[in-house]
Amino acid sequence: MKKINIFLAELGHTYFNISPATIPIGVAYIGAKLKKEFGDDVKIKLFRYPEKLQKAIKDEVPDVVGFGFYNWNENLSMYFARQIRQKYPETILVAGGLNIPSEGKILKERYLDKYGLLFDVYIPYEGEQPMDNLVSVLLSSCSKKELLSKQVSGCFLIGEEGLAEKKIDPHIIDLRGVPSPYLSGILDDMLEDHMLSPIIQTMRGCPYQCAYCVGGKKEYSRIRPFPIEQVKEEILYLKKKAKNRSLRMTDDNFGILPRDVELAEFIKKMSEEDGYPQALNVYTAKINNDNVKRVMLALKDFIPFNISLQSTTPEALAVIKRNNLSLADITQAFQWAKKNNMITATEILHGFPEETYQSYMECVQDLFKIRVDSASSHEVWLLPNTELASKENREKYGLQARFTLGADAISIFGGEIICEYDEHVVGSKSMSIDEHYKLCEVDLFIALTLYIGYFRELTYHAFTCGIKPMDIFNEIKNVPAEYPLLNQVFSKYSKKVKDSHFLTKEDVHKHVSEIIKSKTAFPPTRILPLTVGEFVFSAELDRGIDEYIKVINKLYNGDSEEKNLFYAICKELKNLAVAMVINPEKSRGDIFLDVNYDFSRWIKEYYGKKVNEYELRSFKLRLSIPNLSQVKDIYEKGRALNSSLERIQLFYRRVNSSCLRRKIDYAE
């Protein structure tokens, strides 16, 4: 029997560096399962870097090439599929992943009508079992022609009859039968690459059905865990083998299972004893129960205590099928978190149906009412195969969208410029396009006050004295002559966002191509962190804080003595804000700050009272970097990048929001 040579590619773009800079775990699971089922009858090679795939197809002939299709690599995968099709017509090309629809009619419209017969097989949903089925047929000495005339469970084959009417149901497999790609050894070469962050799955499935999320499908509502001992063995293996010392967990709701507490405590113990992992990324469950609390007690040095909002507008939440905790329950949960020295976090999105400009501004006010430490705000994305992105919902709610370049999603091969595109909602029946771009300026305001948070304490100082945060923003925008620097920063950001939006994907590609062909280096693509970084790491920060203090002093209502006290506290908070900045190229040791107020206790007590109630005799605070080893690691990786802008982007991409500022404590 002939051994089948199988390439599995989950490609990342490489114009800037590898993106995404993670282990290709999706195809790795498929590869490990194929090796388990078929042993020496199959030869498996995995690819993240397109350059390595390019070399491999020059050196050998693959029998099967499977591509993981996602929003961030579809066109790159298409490019290499065309190269392989031209060079090796008999190679079977397979496309699977989140971008592949489960209905033949949609598949035909999206791929077959547009790209012709480029791919032979399409696999929606999870790919392990359908690929097993496909390879099993091939091992029966079936030719390509014979294969494409058959019915293979879980697969669309372009030669089969009735494809347009076909609908594929997911193969919901027992994960106890899926081997670990790490423990199988097929990822050992990739673990030698310090740029690629390891990813593990502890479970699959999500009980929620949010209309905007790729995980919000009822077919995957049942949570299926991997065996806990296998997960632990994977982490131990990564501690021993991985050059990249960070760890990502793909769980959407870590903490939803009782056993997650055991895993969290396992990671904490390992970190304390062995220093691994240096950094951890994982999303905790959208609930507030004892499991989640115990998980957070174990992992609070790595991640913030996050309770997602997305919106607080009832009409918008109803459309996207999301049930939030009440603001009162979230406030109570966050108070518990603060008492246990945790950073609290949430996020909101603008662009959902039934959200208005005014209702979103009220969502922003709610962020401050719940006294959250860190919050982000940004545009809604329309992702393939989500309910929100359906033709019916676009028409029903009048969704207007624009395309933009995906994050770092550029590659150049054979003289061809290849890009990926994101689709953002910029208007609807309930919100105009002009209002949308005004809210983009609010995104930056929230980044400065909450997410990255260098203006956080000043804003909560104002808030406890009766000044609404949105009144601060409106004052800056309504009287630009008084606050020229801040107004310029906000306006330039909104213009950059608007200039990055195009009506069609072709327009985006033309824009990117013109810049690259002009021999001008294309700038890093993440506009929000770059804008913050350019401002914060420049000489303008001092003047910007002074303007911000000027705003809140103007809005403060009090007698002359109260105003003097309010301003004096502002000046101390300015010193605190500047000292909190972490610049990965410069920041290293602790900073000690003389203060007249116990800011540490004020923050831990949830910004619940006015700062002047925490007055003390002069004493020292110590401000330390919360995860110094990660900052040093990012600095070392950043040295290989071409510009300071790329290094800024790397810092804000890789560091959790809970670690973006220095941590406040008492000096001993």
Side-chain angles (χ1 to χ4, degrees), residues 3-14 18 20 22-70 72-74 76-85 87-88 90-100 118-139 144 147 152 154-156 171 173 178-191 193 196 198-201 250:
K3 178 180 288 191
I4 297 180
N5 190 16
I6 301 173
F7 289 179
L8 297 174
E10 196 174 291
L11 301 177
H13 282 271
T14 54
I18 185 65
T22 53
I23 295 290
I25 196 66
V27 293
Y29 274 114
I30 293 172
K33 182 77 159 50
L34 290 175
K35 286 299 291 183
K36 177 187 176 184
E37 296 298 327
F38 303 109
D40 291 338
D41 290 336
V42 294
K43 178 183 176 183
I44 307 292
K45 284 192 175 181
L46 305 179
F47 299 90
R48 173 64 102 201
Y49 288 89
E51 292 83 359
K52 292 185 178 181
L53 177 60
Q54 185 178 47
K55 183 179 185 304
I57 59 179
K58 289 180 181 178
D59 295 343
E60 55 185 301
V61 182
D63 298 302
V64 178
V65 181
F67 289 92
F69 261 41
Y70 301 88
W72 38 263
N73 75 352
E74 181 171 296
L76 184 60
S77 300
M78 287 284 189
Y79 171 84
F80 278 95
R82 289 193 296 270
Q83 306 307 306
I84 296 168
R85 171 63 71 232
K87 189 175 180 65
Y88 305 120
E90 291 305 307
T91 294
I92 296 167
L93 297 181
V94 184
L98 292 176
N99 275 23
I100 306 302
L118 177 58
F119 285 90
D120 303 300
V121 183
Y122 292 89
I123 298 176
Y125 301 117
E126 295 177 0
E128 289 93 350
Q129 190 58 53
M131 277 297 287
D132 275 9
N133 299 339
L134 188 71
V135 171
S136 181
V137 173
L138 289 172
L139 284 170
K144 176 178 176 179
L147 170 72
V152 178
C155 302
F156 289 109
H171 283 76
I173 59 177
V178 178
S180 165
Y182 293 110
L183 302 179
S184 73
I186 65 172
L187 286 169
D188 281 358
D189 287 347
M190 291 190 181
L191 293 180
D193 187 341
L196 297 182
I199 297 178
I200 62 170
Q201 288 187 332
T250 62

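Residues take their numbers from the sequence shown, with the count starting at 1.
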- Task: Write down the atom of Met190, the atom of Leu46, and the distance for their closest heavy-atom approach.
- Result: CE-O, 3.5 Å
- Task: Nearest 0.5 Å please: distance from the CD atom of Glu51 over to the CD1 atom of Ile18.
- Result: 7.0 Å
- Message: Go through it in stages, so that I can follow the logic: the residues are Leu147 and Ile92, the test is side-chain contact (heavy atoms from CB on, under 4.5 Å), and I'd like the CA-CA distance, side-chain angles, deciding distance and then a yes or no.
- Response: CA-CA 10 Å; Leu147 170 72; Ile92 296 167; 3.5 Å; yes
- Message: Using every non-hydrogen atom in the two residues, find where Glu60 and Tyr88 come nearest and quote the distance to one decimal.
- Response: O-OH, 3.4 Å
- Message: Would you compute the distance between atom CG of Asp193 and atom CG of Leu187 and round it to the nearest 0.5 angstrom?
- Response: 12.0 Å
- Is any side-chain heavy atom of Glu37 less than 4.5 Å from a side-chain heavy atom of Val135? no
- Note on the structure: Nearest heavy-atom approach of Pro50 to Gly12 is CD-O, 3.1 Å
- Note on the structure: Taken to the nearest 0.5 Å, the spacing of Ile30 CD1 from Leu134 CG works out to 11.0 Å
- Item | Reported NZ-to-CD distance for the pair Lys36 and Glu128, which is rounded to 0.5 angstrom | 11.0 Å
- Task: Measure from the side-chain N and O atoms of Tyr49 to the backbone N and O of Thr14, and report whether any donor-acceptor pair falls under 3.5 Å.
- Result: no
- Report the residues that fulfil side-chain hydrogen bond (donor to acceptor under 3.5 Å, both in side chains) with Lys35, sequence neighbours left out, ordered by chain and then residue number. none
- Query: Donor-acceptor pair, Tyr182 side chain versus Ile199 backbone, under 3.5 Å?
  - Reply: yes
- Task: Could you tell me which non-hydrogen atom of Arg85 sits nearest to which non-hydrogen atom of Thr91, and how far apart they are?
- Result: NH1-O, 3.0 Å
- Should Asp189 and Arg48 count as an ion pair when the cut-off is N to O under 4.0 Å? no
- Task: Working to the nearest 0.5 Å, report the span between OG of Ser136 and CG of Leu34.
- Result: 11.0 Å
- Item | Residue among Ile23, Thr22, Leu191 satisfying side-chain contact (heavy atoms from CB on, under 4.5 Å) with Leu196 | Ile23
- Message: Checking Phe38 against Ile4 for the side-chain contact (heavy atoms from CB on, under 4.5 Å) test, could you report, in this order, the C-alpha distance in whole Å, the side-chain angles of both residues, the deciding distance, and whether it holds?
- Response: CA-CA 10 Å; Phe38 303 109; Ile4 297 180; over 6 Å; no
- Task: Name the orientation class of the two ring planes belonging to Phe69 and Phe67 (parallel below 30°, tilted from 30 to 60°, perpendicular beyond 60°).
- Result: perpendicular
- Do Phe7 and Ile57 come close enough that some side-chain heavy atom pair is under 4.5 Å? yes
- Item | Pro181 side chain reached by Ile25 side chain, heavy atoms, under 4.5 Å | yes
- Note on the structure: Interatomic distance, NZ@Lys87 vs NZ@Lys58, rounded to 0.5 Å, equals 8.5 Å
- Note on the structure: Closest non-hydrogen contact found for Gly31 with Ile186 is C-CD1, 3.9 Å
- Task: Report the residues that fulfil side-chain hydrogen bond (donor to acceptor under 3.5 Å, both in side chains) with Glu126, sequence neighbours left out, ordered by chain and then residue number.
- Result: Arg204, Arg224
- Message: Given 3.5 Å as the limit, does a donor-acceptor pair link the side chain of Asn73 with the main chain of Glu10, or not?
- Response: no
- Query: Quick one: does Asp120's side chain have a donor or acceptor within less than 3.5 Å of a partner on Leu93's backbone?
  - Reply: yes
- Message: Donor-acceptor check, side chain of Asp63 to backbone of Asn5, threshold 3.5 angstrom: yes or no?
- Response: yes
- Shortest non-hydrogen separation from Gly154 to Pro124 and the atoms involved: O-CD, 3.8 Å
